[in-house]
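Whatever order the structure lists them in is the order used to number ligands and atoms, beginning at 1.
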Amino acid sequence: MQKEDYVSEREEMIKQQLIPRGIHDRQVLEAFRRVPRHYFVNPGHLHLAYADHPLAIGEEQTISQPYIVALMTQALEFRGDEKVLEIGTGSGYQTAILAELVGHVYTVERLPSLAASAQKVLAALGYNNISFKTGDGSKGWPEHQPFGAIIVTAAAGSLPAALPAQLAPGGRLVIPEGEGWQQDLYIYTNTAGGLQRRHLCSCRFVPLIEENFGTQENFGTQ
Ligand code: SAH
């Protein structure tokens, strides 16, 4: 990376958008310091890469607002060695943040063009603890369960039944739920007594499209 590394933009993003809104986990903040968000936006949006809002990434999808990525990440309270399932790779930015913080990330994206460009950027940045799959993530990724955490980055009408079944004991799952323009972000914990749900905030995500159109798998970023 060169001078246009946007180091000061990243610091400003952390100081102005994350810390004042309650992102305090030092490791989460460090991940935001390390991951070059400008690699994940469209070339025409470079000047907006660290702005306080989502951006279009093509195919009617978006890279999420930095604060929402941070909130979802912090809510998952990672130990550092877990396997994490991400549904909705999109730009791959959230994937990179996860890959900085956990043992291995399994990420699923339904749109092949987005999956391919995210995989390319993440490989170029040197991540080697990410597995990619193109297909309907609402079914989870049963071959690799149980997951210590699951993150869904598109809004579901309700929690897809396949997902909590793939969560390890004590595991956590974060998901936006709701069908309207605005949804609610929830964190679930898989306790001995069943699933416990806590409301985090209201939010706005693109919809989770649940359909089965076949899968193609390829593993690793190397
Ligand atoms: N975290 C991503 C968010 C991308 S938007 C980022 O910040 O870049 C949500 C993504 O979920 C979109 O790319 C969309 O294509 C994908 N998506 C929607 N329904 C899906 C499904 N059933 N399975 C997998 N991905 C899905």
Chemist: If we count only N and O atoms by modelled type, under 3.5 Å, do the side chains of Gln61 and Ser91 hold a donor and an acceptor together?
Modeler: no
Chemist: Just by distance, do the side chain of Gln166 and the backbone of Lys139 share a donor-acceptor pair under 3.5 Å?
Modeler: yes
Chemist: Among Ile150, Ile175, Asp136, Val152, exactly one meets side chain to side chain contact (heavy atoms under 4.5 Å, CB included) together with Pro160. Which residue is that?
Modeler: Ile175
Chemist: For residues Ala56 and Asn42, report the shortest heavy-atom separation together with the two atoms involved.
Modeler: O-ND2, 3.6 Å
Chemist: If you take the centroid of each ring, where Trp contributes its six-membered ring, are His38 and Phe40 closer together than 6.0 Å?
Modeler: no
Chemist: Is it the side chain (CB and beyond), the backbone, both or neither of Arg110 that lies under 4.0 Å from ligand 1, heavy atoms counted?
Modeler: both
Chemist: Any idea which atoms of ligand 1 are less than 4.0 Å away from a heavy-atom of Thr62?
Modeler: 3 (C), 4 (C), 5 (S), 6 (C), 8 (O)
Chemist: Just by modelled atom types, is the Pro112 backbone N or O under 3.5 Å from a matching donor or acceptor in the Thr134 side chain?
Modeler: no
Chemist: Give a yes/no verdict on whether any heavy atom in Pro207 is under 4.0 Å from an atom of ligand 1.
Modeler: yes
Chemist: Under 3.5 Å, is there a donor on one side chain and an acceptor on the other for Ser113 and Glu59?
Modeler: yes
Chemist: Could you list which atoms of ligand 1 come closer than 4.0 Å to a heavy atom of Ile63?
Modeler: 6 (C), 7 (O), 8 (O)
Chemist: One residue to check: Glu109. Relative to ligand 1, which of side chain, backbone, both or neither has a non-hydrogen atom less than 4.0 Å away?
Modeler: both
Chemist: Does any N or O atom in Glu210 lie less than 3.5 angstrom from one in ligand 1, N or O only?
Modeler: no
Chemist: Provide, to 0.1 Å, the distance between atom 19 (N) of ligand 1 and the closest protein heavy atom, together with that atom's residue and name.
Modeler: Ile209 N, 2.9 Å
Chemist: If you measure from each heavy atom of Gly135 to ligand 1, is any distance below 4.0 Å?
Modeler: yes
Chemist: My understanding is that we take every heavy atom of each candidate and find the minimum distance to atom 9 (C) of ligand 1. Doing that for Val152, Thr153, Val108, which one comes out nearest?
Modeler: Thr153
Chemist: Do Arg172 and Tyr188 have side-chain N/O donor and acceptor atoms under 3.5 Å apart?
Modeler: no
Chemist: Checking the side chain of Glu82 only, and the main-chain atoms of Gly148 only, is there a donor and an acceptor separated by less than 3.5 Å?
Modeler: no
Chemist: Using a strict cut-off of 4.0 Å, indicate which atoms of ligand 1 neighbour a heavy atom of Gly137.
Modeler: 21 (C), 22 (N), 23 (N), 24 (C)
Chemist: Could you tell me how the ring of His104 sits relative to the ring of Tyr106: parallel (under 30°), tilted (30 to 60°) or perpendicular (over 60°)?
Modeler: tilted
Chemist: What is the closest protein heavy atom to atom 11 (O) of ligand 1, and at what distance does it sit?
Modeler: Gly88 CA, 3.2 Å
Chemist: We want to know whether Glu86 and Thr107 form a side-chain donor-acceptor pair, criterion being a heavy-atom distance below 3.5 angstrom.
Modeler: yes
Chemist: Out of all atoms in ligand 1, which are within 4.0 Å of some heavy atom of Gln94? Include the element for each.
Modeler: 1 (N)
Chemist: Hey, is Asp136 touching ligand 1 through its side chain, its backbone, both or neither, going by heavy atoms under 4.0 Å?
Modeler: both
Chemist: Could an N or O of ligand 1 be found under 3.5 Å from any N or O of Tyr93, whether backbone or side chain?
Modeler: no
Chemist: Taking heavy atoms and a distance under 4.0 Å, where does Leu111 meet ligand 1: side chain, backbone, both or neither?
Modeler: side chain
Chemist: Output the list of atoms in ligand 1 that are nearer than 4.0 Å to some heavy atom of Val206, sorted by atom number.
Modeler: 5 (S), 9 (C)
Chemist: What is the closest protein heavy atom to atom 8 (O) of ligand 1, and at what distance does it sit?
Modeler: Ser91 OG, 2.6 Å
Chemist: Out of all atoms in ligand 1, which are within 4.0 Å of some heavy atom of Leu114? Include the element for each.
Modeler: 13 (O)
Chemist: At a non-hydrogen distance cut-off of under 4.0 Å, which region of Thr89 contacts ligand 1 (side chain, backbone, both, or neither)?
Modeler: backbone
